[in-house]
There are 2 protein chains.
Amino acid sequence: MKQRPPKLTEIADRLDISAATVSNALSGKGRVSAELAERIRQVAEELGYVPSVSARALRTGLSGVIGLVLPDIGNPLFPQIAQAIENAATDAGLGVLIADSRGSIQAQTEAIQHLRDHGVDGMIVVPRRGSRVADVGCPVAMIDSPSTPGNTVSADHWCGGFLLGEHLRSLGHRKVLLIGNHRDSIVQTDRLGGVRAALQGTEVERVWLDSLPGDQPIGALDPVRWYSEGFTAFVTVSDLQALRVLTALQSAGIAVPSMASVTGFDDLVFASSVIPALTTVRMDMPKVAEIAISALKRAIEAKSGDGAETVRADPDRVPMTLVIRRSTGPVHEEAGAKPRLPHPQQEN
Amino acid sequence: MKQRPPKLTEIADRLDISAATVSNALSGKGRVSAELAERIRQVAEELGYVPSVSARALRTGLSGVIGLVLPDIGNPLFPQIAQAIENAATDAGLGVLIADSRGSIQAQTEAIQHLRDHGVDGMIVVPRRGSRVADVGCPVAMIDSPSTPGNTVSADHWCGGFLLGEHLRSLGHRKVLLIGNHRDSIVQTDRLGGVRAALQGTEVERVWLDSLPGDQPIGALDPVRWYSEGFTAFVTVSDLQALRVLTALQSAGIAVPSMASVTGFDDLVFASSVIPALTTVRMDMPKVAEIAISALKRAIEAKSGDGAETVRADPDRVPMTLVIRRSTGPVHEEAGAKPRLPHPQQEN
DNA sequence: CTGAAAGCGCTTACAG
DNA sequence: CTGAAAGCGCTTACAG
């Protein structure tokens, strides 16, 4: 049953030519006459020839595999990232080896080591909050906030926040609460900074969950009290928190969006299926992935030329998109805006 | 700056011995005197020696990398699976190459091809609903429902459902709605089958979203109408749907759990942070991953012996755990069970 | 217990 | 345009 994959020499033997010629023909370097090349390609196809990656890697020093280091695979944003990277890499003929730097920065370093030991040509890393990635010894593309030094590509979180802020302002909100998770996250700071900038002249307060009492930061969220203090809009830094706020309000009888507006970030998988669906800000992951992969590819190719192996610096900002859904609405004190009743049956 | 990784021969030269001896010492095959082996290990350590995976792979035919094929990386359950597999694989000294078989079964086949071409030693596949995986040419471990033929390991979905059913029954629910997504999913059929079995003697109805009108299956969900028909408990096949049901009810003013109970499956990341937190059923992913990896490892080792490359058949069922949280409660018609008001401030 | 030699399957100068 | 030869860095029989 088991049919060993055909080797290069088998094609050569079949056609009574040298392995070198087969290799040249298949790699399309053009040192072979067009018709012979064509015949070679045919036979290769016929035999179902697939070059041995290990042999090629050994010879060329390139494995055709890159590593993807994520701060926490358990993060709900991960699927989007992984999927986008996997697609872009596959299109570029690259394989993707995953590594989870769960927990500590030390684990991140270990994960990077591990990937290197496995012979990746380069890696894409989404660093942990506030961590710097030491010199890795192979090309690295970093996906982080644009304001992070050494960053390769990222969405423009600040602008995304700005868009959101404008939206809330246009809805007439006059007292807005900004809810962040970790104050040392540059991404979160950027997002909320953008929101605040768009809300000049309206009353804005910001709270960081990691500085609230309690073990579980999210448990410290108390939207009902905040509502009673007069806030009509709650801006969170992630759909996960927006969901918490939304359900907390709803289960206390505070209707969304007729009594309060709630927003998230990232357009996580559940954002569109909740009722009311979440207004959120989405980044163009495929674009981010594509830029990261192509930067990495260039770096890898450059490396085989000279010895350069530094982070590719050409920070690109991918724009973010505001997705307006039913969790935001006009403030009902506004003239002409009657309090809306929730319409759960209606589609998003 | 760039320091080429040290090679085996450099260690040999340093100690004036042969590469063969270094290799033997490092692989611990014991053909080397204890003290020499020790010195070799020291020098290797000192030099930061890391064996070249491609050279080893070329020589031994084993790459030390396995593939992970997922039906859809975008699936919210994916993080749990990927993380568990990555951990187990890392512990076993294996790298994990990911592949997304998004969309069609054809894409799944392509993804598998792709991984094979990249030289994986074996793969773990979570097959698409209803798809069979053709002979791959390398060992494969399948994670699916226990009732799927060729399955290697999985959680016992039926039992998980049974646990849930018992819970609802003990709460006094007399009219329960079972909400499935795709009728051709064996996992979903198993889950709901277990629930129904535990609910013998109470009124149970089952609805499949994929047979309801509308493009977006989830949009067809109409919990409020169902509630008005007398159902007091809504069992869904995934937390994602449970979330939809929960928010639909809440935004229509139907309090959970005092007026209706809602349950999900999988304990997705948001299940514990929603208010009220979702009662759900969780599988022991690390266990599933561990079994899959070790089965795969055995198969790979066996393969290098003889030519066997078939699916490892030794189906194991990992138990599921019922996680009771605040989205379920006693039916309020029950004697002594006063309708509870929601307590959004309270922790889970 | 240790070493010399062959070879895994490719690619790449180098000749012709 | 085509081929002979060397070599990428290991491991594994086989001798000694």
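All values below come from the heavy atoms of this structure, side chains included, with hydrogens, waters and symmetry mates left out.
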Residue from A/T90, A/I124, A/V288, A/V126 passing side-chain contact (heavy atoms from CB on, under 4.5 Å) with A/I85: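 Of the listed residues A/T90, A/I124, A/V288, A/V126, the side-chain contact (heavy atoms from CB on, under 4.5 Å) partner of A/I85 is A/I124.
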
From B/E110, B/Q108, B/H114, residue fulfilling side-chain contact (heavy atoms from CB on, under 4.5 Å) relative to B/S101: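 Answer after filtering B/E110, B/Q108, B/H114: B/Q108.
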
To the nearest Å, how far apart are [X] [atom1] and [N] [atom2]?
X      : N     : atom1 : atom2 : result
A/L62  : C/dG9 : CG    : P     : 21 Å
B/L15  : C/dG3 : CG    : C1'   : 15 Å
B/D16  : C/dA4 : CG    : P     : 11 Å
A/L8   : D/dG3 : CG    : P     : 13 Å
B/N24  : C/dG3 : CG    : P     : 10 Å
B/D117 : C/dG9 : CG    : C1'   : 15 Å
B/L36  : C/dC1 : CG    : C1'   : 9 Å
B/L26  : C/dT2 : CG    : C1'   : 16 Å

Counting only N and O atoms by type, is there a donor-acceptor contact under 3.5 Å from the side chain of [X] to the main-chain atoms of [Y]?
X      : Y      : value
B/T60  : B/R56  : yes
A/K297 : A/A92  : yes
B/D156 : B/P319 : no
B/D121 : B/S63  : yes

Approximate separation, where rounding is to 0.5 Å, of B/S18 OG and B/N24 CG: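 These two atoms lie 8.0 Å from each other.
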
N/O (side chain, A/S23) to phosphate O (OP1/OP2, C/dT12) under 4.0 Å: no

Phosphate contact (D/dG3 OP1 or OP2) by A/S18 side-chain N/O below 4.0 Å: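 Yes, within the criterion.
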
Modelled atom types, side-chain donor and acceptor of A/D144 and A/S154, under 3.5 Å: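 On atom types as modelled, these side chains do not qualify, holding no pair under 3.5 Å.
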
Involving DNA chain D, stems made of at least three consecutive Watson-Crick or G-U pairs, both distances under 3.5 Å: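 So far as stems of 3 or more pairs are concerned, DNA chain D shows C:1-3 with D:14-16, C:5-12 with D:5-12, C:14-16 with D:1-3.
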
Residues from residues 48-61 of chain A lying under 4.0 Å of DNA chain D - heavy atoms: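 Within this stretch, A/L58, A/R59 sit under 4.0 Å of the strand.
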
Side-chain heavy atoms of A/D117 within contact of B/V53, under 4.5 Å: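 Contact flag for A/D117/B/V53 side chains = no.
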
